[in-house]
Chemist: 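Have a look at this one before I ask anything.
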Amino acid sequence: IIECPWVLGGSAFDAGYAETQFAANNPEVSLISCFAENKQQVLEYAQNLLLDDAKAILVSLPDSGTADDLIALCKEKGVPLIFSGAKPTQETMESYDKCWYIGMLCEQTGEVMGKAVAQDFKDGIIPDTNGDSLLQYAWFGGDNTGAGELHYQYCLQSCADMGVFSNEIFSQFTACGVDAGYAMAQNLLGVSIIGADSASQSGEIVDTAPVSYPTPEAVLCSDSATAEGAAPLLLEQNIYVACVAWSEAEAKSLEEKGIHAPVWFARDEATEYAVLFVDNLLNGRHVTLDTDLYLDEFRQTLVTAGKEK
């Protein structure tokens, strides 16, 4: 299994979770896990796995084109490939009959997050501080793949579908992560732009940044790292913070830190189904047997992209 960052800095497969699943389902399977930082490392690890006579390779694709290069490597030996992450093209999937894709819908994640945020606004968990019945919000995070904007668009549309309309104070789609979240929070609140480490050591932040905005009622983040970077400053100002987490366990951890995590990507689900696919392959069965998943004509399927808490 090759983990590699896909959207918002996360891998679509979780090697640690796969190991526990194989241990439960088929302890005779020996799992080799690798973490690649980019496409070149993905291909290097795949070559090494083939040299080790891997019977199947699971890959979190960082981009669609990587699938073509992996197929070129694996086709000669007939080694099956199970993809998640970036979606291969139909032409790519047609080029090799021993590859499968397990995908997730970013749109669904935004919808579930939007519904949870809207309900929190209706329930008064997000206070309507100016009494205008509008959710005053800022949006933090994106990685230039369009995923952040999909979360944003569907989140706000779901809020509106629930009868909660909004007013944007600030939005940023071109950066994500702990440092980016901290910097955006500083910018939003109009505090001095200093390093997160310096802030934590000094215990206070002084002066005023050149840019400041009206204080929002909520800050919605595209990913957990951005939320964790922004939360220390925002929670001090009693600003509601929510984000998309990568797993149920991470969602619970974020809630304990005061960050609302009503939704997470289905990385655990995608990994669990990939393990079942491999188990079926090793036993000469159809990959989707006993999975309740259905493949389209290009051997692609989707799992639920988000879940309510």
Side-chain angles (χ1 to χ4, degrees), residues 7-8 104-143 146-176 180-181 184-185 187-190 212-246 248 250-266 304-309:
V7 295
L8 306 170
M104 294 174 267
L105 288 174
C106 296
E107 295 92 329
Q108 289 182 355
T109 307
E111 289 174 4
V112 177
M113 183 175 178
K115 289 176 182 177
V117 169
Q119 192 60 54
D120 283 351
F121 187 73
K122 288 183 172 184
D123 292 343
I125 297 172
I126 306 174
D128 184 10
T129 52
N130 62 1
D132 65 356
S133 299
L134 294 176
L135 174 64
Q136 315 292 331
Y137 76 92
W139 181 273
F140 286 5
D143 59 0
E149 292 192 51
L150 276 175
H151 294 311
Y152 165 80
Q153 293 166 5
Y154 280 85
C155 178
L156 294 180
Q157 184 58 55
S158 291
C159 280
D161 292 343
M162 293 270 291
V164 174
F165 297 93
S166 55
N167 178 43
E168 183 176 290
I169 302 297
F170 172 93
S171 61
Q172 166 63 271
F173 302 103
T174 58
C176 61
M184 282 184 266
N187 195 30
L188 177 70
L189 298 175
S212 61
Y213 300 85
T215 301
E217 294 157 348
V219 171
L220 313 178
C221 301
S222 63
D223 65 292
S224 59
T226 302
E228 290 191 271
L233 293 179
L234 300 175
L235 295 177
E236 283 183 2
Q237 302 299 317
N238 296 316
I239 297 173
Y240 173 102
V241 182
C243 70
V244 173
W246 276 99
E248 183 175 0
E250 183 181 58
K252 290 178 180 177
S253 174
L254 290 165
E255 294 277 354
E256 291 172 358
K257 297 174 184 177
I259 300 169
H260 296 265
V263 58
W264 56 88
F265 270 114
T304 305
K307 288 184 175 181
E308 296 183 39
K309 63 181 176 181

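Only heavy atoms go into these numbers, but all of them, side chains included; no hydrogens, no water, no symmetry mates. If you're wondering where the values come from, they're calculated on a predicted model, not measured in any experiment.
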Chemist: Using only atom types and a distance under 3.5 Å, with no angle test, would you say the side chain of K257 pairs donor to acceptor with the backbone of A231?
Modeler: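 No; judged by distance alone, with no hydrogens or angles, the pair does not exist.
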Chemist: Could you grab the distance from atom OG1 of T226 to atom CD1 of I259, nearest 0.5 Å is fine?
Modeler: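 T226 OG1 to I259 CD1: 10.5 Å, rounded to 0.5 Å.
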Chemist: Do E255 side-chain atoms and A261 backbone N/O form a donor-acceptor pair below 3.5 Å?
Modeler: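 Side chain of E255 to backbone of A261: a pair is present.
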Chemist: Could you report the tightest heavy-atom contact between L188 and P214, atom names first, then the distance?
Modeler: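 L188 and P214 have their closest heavy atoms at CD1-O, 4.5 Å.
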Chemist: Measure from the side-chain N and O atoms of D128 to the backbone N and O of S133, and report whether any donor-acceptor pair falls under 3.5 Å.
Modeler: yes
Chemist: So do I239 and L189 actually touch side chain to side chain, heavy atoms under 4.5 Å?
Modeler: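 Of all side-chain heavy-atom pairs linking I239 with L189, at least one is under 4.5 Å.
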Chemist: Give the minimum heavy-atom separation between E217 and L134, together with the two atoms involved.
Modeler: OE1-O, 3.1 Å
Chemist: Mind checking the CD-OG spacing from E111 to S158? Nearest 0.5 Å is all I need.
Modeler: 4.5 Å
Chemist: When you compare the side chain of L156 with that of W139, does any pair of heavy atoms fall below 4.5 Å?
Modeler: no
Chemist: If I take atom CG from residue L234 and atom SG from residue C221, how far apart are they, to the nearest 0.5 angstrom?
Modeler: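 Going from CG on L234 over to SG on C221, the span is 7.0 Å.
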Chemist: Tell me if the aromatic rings of Y137 and Y240 count as close, with their centers under 6.0 Å from one another.
Modeler: no
Chemist: Can you give me the closest heavy-atom contact between A227 and V241, atom names plus distance?
Modeler: CB-CG1, 4.2 Å
Chemist: Judged by atom type as modelled, is there a donor-acceptor pair below 3.5 Å linking the side chain of N130 to the main-chain atoms of D132?
Modeler: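 A pair under 3.5 Å: yes.
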Chemist: Determine the minimum heavy-atom distance between A230 and G181, stating which atoms define it.
Modeler: CB-O, 3.4 Å
Chemist: Taking side chain as C-beta onward, heavy atoms only, is I126 less than 4.5 Å from H260?
Modeler: no
Chemist: Shortest non-hydrogen contact from S224 to C243?
Modeler: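 Shortest heavy-atom separation between S224 and C243 comes out as CA-SG, 3.8 Å.
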Chemist: Provide the closest heavy-atom pair for L220 versus C155 in the form atom of the first, atom of the second, distance.
Modeler: CD1-SG, 4.1 Å
Chemist: Is a side-chain donor-acceptor pair under 3.5 Å present for E168 with S166?
Modeler: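 Checked: S166/E168 side chains show no N/O donor-acceptor pair below 3.5 Å.
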